[in-house]
Amino acid sequence: MSNWLHDLYDTMKRSEKEMLIRRSGSTPEGKNEKIRSGQSYLYKRYGMESEVMEVRFKDKITGAFLNQALLTAMKRYPYFNTKLLEKDGDFYIVQNEQSMVARRTKELARLGHISCGYHLIDITYYGYSIYISFHHALCDGRGVMPFIETLIYYYCDLKYGRKPVPEGVRLADDPLLPGETDDPFLQEYDFDEKKTFVNLPRDGYAIPENVATEEATNYRYEIKISGAQYMKACKEHNATPVILLALLMSRGIAELYPEYDKPVNANIAADMRDALGVPNTFKNCVKSMNLPYSREFSEKSLTEQATEYRELLKAQRDRDFCRKEANAMIGLSNKLDTLDSYEEKQKIMTFFEGMTLNTYIISYLGTFRLGENAQYISEIHLYNSGTTGLGINMISCGENFVLDFKQNFQSDKYVRAFCEELEKLGIAYTVSDRIPFVTPGDSIIKR
């Protein structure tokens with residue numbers, strides 16, 4: 001009898017899931033919206049760690065204003081008022097009947113958990129900071145950035161009084177942009193298969209700390225750099241912000257390890273939206289580019305190095321090259337589609353979970369559109385735990401560049417090496433003490 005009741009319960013739960021999947025998706029009008037973009041982040045053994053955007057104000061956060069701003073901003077972003085349903089090891093986006101609420105707490109919720117209404121984005125605040133936690137399977141940094149800009153605008157409007165709307169900031173009544181909810185990994189892309197593509201070695205120099213550990217606690221160092229001085233150095237040496245960052249960090253690592261026998265590789269997270277023809281999608285649309293720093297390359301001047309890096313990035317942003325690499329990601333999703341259960345798909349993805357990228361990783365999110373409200377914000381940070389080795393996140397905020405060095409070890413030697421390179425260029429900076437932190441793994445499925 002008990003087996004019969006259990007089977008009946010499972011049948012009813014499955015039927016309920018299928019009904020919800022047919023009824024909505026990223027928008028109330030959507031349906032049958034299986035996650036393909038960001039799919040690889042759904043099968044980690046302990047869940048995917050939250051990405052956290054911390055907006056640090058100069059004044060303490062007023063919870064009532066934040067919740068009112070959140071309620072207004074969410075009218076523009078129906079795809080963030082969602083949750084995931086798992087069926088046969090696949091995950092589907094459906095509308096969430098629970099509204100999002102900003103809570104005053106130091107603790108970050110596990111995304112997908114009942115404590116945050118099963119959302120894949122969660123808003124908390126404490127002291128001077130607003131924390132926007134988001135799941136990489138739902139969106140990437142560029143995908144969540146417009147929502148944060150809208151939230152900041154409405155919060156500042158309530159807290160400090162109305163200012164002109166910064167150009168490009170989306171308001172509550174603005175319609176969705178064309179293709180804003182499109183999944184860029186549903187079908188393969190055509191590209192020129194006869195074209196010769198750049199071929200850069202991925203086998204870079206491994207810093208000693210680039211080893212996965214079971215320790216949950218990560219560490220970060222915050223660096224704030226004068227935007228004017230940094231951009232002056234960029235212009236003098238024909239560099240972009242991310243190129244100068246990569247050059248200074250790779251130079252610092254080469255100084256630390258003069259015996260390096262492979263290129264010091266900066267692995268750059270790159271946006272593929274334009275190359276794939278989905279410029280407005282909020283969904284995950286990122287690949288990795290490589291900037292190698294070899295012994296021969298180290299003999300060149302900073303300007304020569306930056307100029308060469310520009311060409312390397314241009315080659316890796318090539319439309320056909322991006323489409324070729326996107327097809328490889330789509331091929332992995334197609335493989336997962338042939339498997340019938342979460343356990344089978346997780347076995348495939350476990351192989352990738354142990355992989356590391358040598359030497360280090362950079363993510364440059366770009367510039368937040370704050371307008372006159374920039375005067376109320378001191379810094380914006382992006383970080384997550386679960387890092388293997390060294391990762392650097394960079395954001396342009398007001399008059400400064402804000403960097404978060406996130407790592408699974410305590411030493412500040414890479415931070416010091418980078419700061420020494422800043423000093424050589426006469427760039428002013430401040431650096432924090434070591435900050436231990438954990439961003440929790442998700443709770444979208446029982447493990």
Side-chain angles (χ1 to χ4, degrees), residues 20 23-31 33 37 53 55 57 61-83 93-103 116-125 130-135 138-184 271 273-274 277-285 365-377 380 397-398:
L20 292 171
R23 282 187 174 179
S24 72
S26 291
T27 64
E29 299 76 29
K31 59 182 179 180
E33 194 171 325
S37 168
M53 203 87 72
V55 184
F57 281 77
I61 303 302
T62 303
F65 289 156
L66 177 59
N67 269 294
Q68 191 174 341
L70 177 59
L71 187 64
T72 304
M74 285 302 294
K75 295 176 183 177
R76 175 57 183 71
Y77 301 92
Y79 45 80
F80 288 145
N81 192 40
T82 53
K83 62 182 179 180
I93 299 177
V94 299
Q95 288 291 294
N96 194 333
E97 63 280 4
Q98 298 192 47
S99 297
M100 201 179 296
V101 176
R103 306 181 314 283
C116 62
Y118 305 106
H119 288 97
L120 276 299
I121 286 188
D122 188 45
I123 314 297
T124 54
Y125 68 97
I130 299 172
Y131 303 90
I132 301 95
S133 302
F134 64 97
H135 199 296
L138 181 67
C139 61
D140 55 19
R142 291 284 172 89
V144 77
M145 198 172 174
F147 164 71
I148 297 173
E149 292 171 335
T150 302
L151 181 66
I152 290 172
Y153 172 75
Y154 283 118
Y155 175 76
C156 290
D157 180 35
L158 293 165
K159 177 97 171 177
Y160 302 107
R162 181 149 298 177
K163 306 288 190 303
V165 181
E167 185 178 356
V169 170
R170 306 169 195 179
L171 299 182
D173 295 328
D174 290 347
L176 294 183
L177 300 174
E180 194 167 335
T181 61
D182 285 356
D183 191 318
D271 187 346
R273 286 170 170 79
D274 288 338
V278 286
N280 299 321
T281 184
F282 80 92
K283 298 191 177 184
N284 204 304
C285 197
L365 196 57
T367 303
F368 270 87
R369 292 173 285 201
L370 304 174
E372 293 182 23
N373 290 322
Q375 63 185 300
Y376 308 118
I377 296 170
I380 299 180
C397 173

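Numbers here simply count residues along the sequence, with the first being 1.
Residues Tyr79 and Arg170 approach most closely at OH-NH1, 4.1 Å, considering heavy atoms. Contact detail for Gly398 and Ala374: the closest heavy-atom pair is CA-CB, 4.4 Å. The heavy-atom pair separating Thr281 from Asp182 by the smallest distance is OG1-O, 2.5 Å. When all heavy atoms are compared, the tightest approach of Arg103 to Asp122 is NH1-OD1, 2.9 Å.
Separating the SG atom in Cys139 from the CD1 atom in Ile121 is a distance of 4.5 Å, to the nearest 0.5 Å. Note that CG of Asn280 is 11.5 Å distant from SG of Cys285, once rounded to the nearest 0.5 Å. The distance from the OH atom of Tyr153 to the CG atom of Leu158 is 10.0 Å, given to the nearest 0.5 Å. One distance of note links CG of Leu151 with CG of Leu66; it measures 6.0 Å at 0.5 Å rounding. Ile130 CD1 to Ile61 CD1: the interatomic distance, rounded to the nearest 0.5 Å, is 4.0 Å. Once rounded to the nearest 0.5 Å, the distance linking CG of Asn81 with CE of Met74 reads 4.5 Å.
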Might you work through the side chain to side chain contact (heavy atoms under 4.5 Å, CB included) test for Thr150 and Leu171, ending with a clear yes or no? CA-CA 6 Å; Thr150 302; Leu171 299 182; 5.6 Å; no
How far apart are the C-alpha atoms of Ile377 and Ile152, what are their side-chain angles, what is the distance that settles it, and do they pass the side chain to side chain contact (heavy atoms under 4.5 Å, CB included) test? CA-CA 10 Å; Ile377 296 170; Ile152 290 172; 3.8 Å; yes
Report the C-alpha separation of Phe57 and Tyr376 in whole Å, then their side-chain angles, then the decisive distance to 0.1 Å, and conclude whether the ring pair (Phe, Tyr, Trp, His ring centres under 6.0 Å) test is met. CA-CA 6 Å; Phe57 281 77; Tyr376 308 118; 7.9 Å; no
Side chain to side chain contact (heavy atoms under 4.5 Å, CB included) assessment of Arg23 paired with Lys31: CA-CA 5 Å; Arg23 282 187 174 179; Lys31 59 182 179 180; over 6 Å; no
Intermediate values then yes/no, side chain to side chain contact (heavy atoms under 4.5 Å, CB included), Thr27 and Leu176: CA-CA 10 Å; Thr27 64; Leu176 294 183; 3.9 Å; yes
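A donor-acceptor pair under 3.5 Å is formed between the side chain of His119 and the backbone N or O of Gln98. In this structure a side-chain-to-backbone donor-acceptor pair under 3.5 Å is present from Ser24 to Gln95. Not one N or O on the side chain of Asn373 forms a donor-acceptor pair closer than 3.5 Å with the backbone of Cys156.
With ring centers used as reference points, Phe282 lies 6.0 Å or more from Tyr77. The six-membered or imidazole ring of Phe80 lies near that of Phe147, with a centre-to-centre distance under 6.0 Å.
Counted by atom type alone, Ser26 and Glu33 present one or more donor-acceptor pairs between their side chains at under 3.5 Å. The closest side-chain donor-acceptor pair between Tyr155 and Gln68, if any, does not fall under 3.5 angstrom.
With a 4.5 Å cut-off on side-chain heavy atoms, Tyr131 and Met53 do not count as touching. Here the side chains of Leu370 and Glu149 are not in contact, with every heavy-atom distance at 4.5 Å or above. For the pair Arg273/Pro184, no side-chain contact is recorded, criterion being any heavy-atom separation below 4.5 Å from C-beta on.
Within the structure, every pair that satisfies the salt bridge (charged side-chain N to carboxylate O under 4.0 Å, His left out) test and touches residues 153-163, not counting sequence neighbours, is listed here: Asp157-Arg162.
Few gaps surround CD on Glu97; more than 12 heavy atoms of other groups in view lie less than 6.0 Å from it.
Between Glu180 and Arg76 there is a salt bridge, with a side-chain nitrogen of the basic residue lying less than 4.0 Å from a carboxylate oxygen of the acidic one. A salt bridge is defined here as a Lys NZ or Arg NE, NH1 or NH2 lying under 4.0 Å from an Asp or Glu carboxylate O, and Asp140 with Lys283 fails to meet this definition.
Under the ring-ring contact (aromatic ring centres under 6.0 Å, His included) criterion, Phe134 pairs with no residue at all, not counting sequence neighbours.
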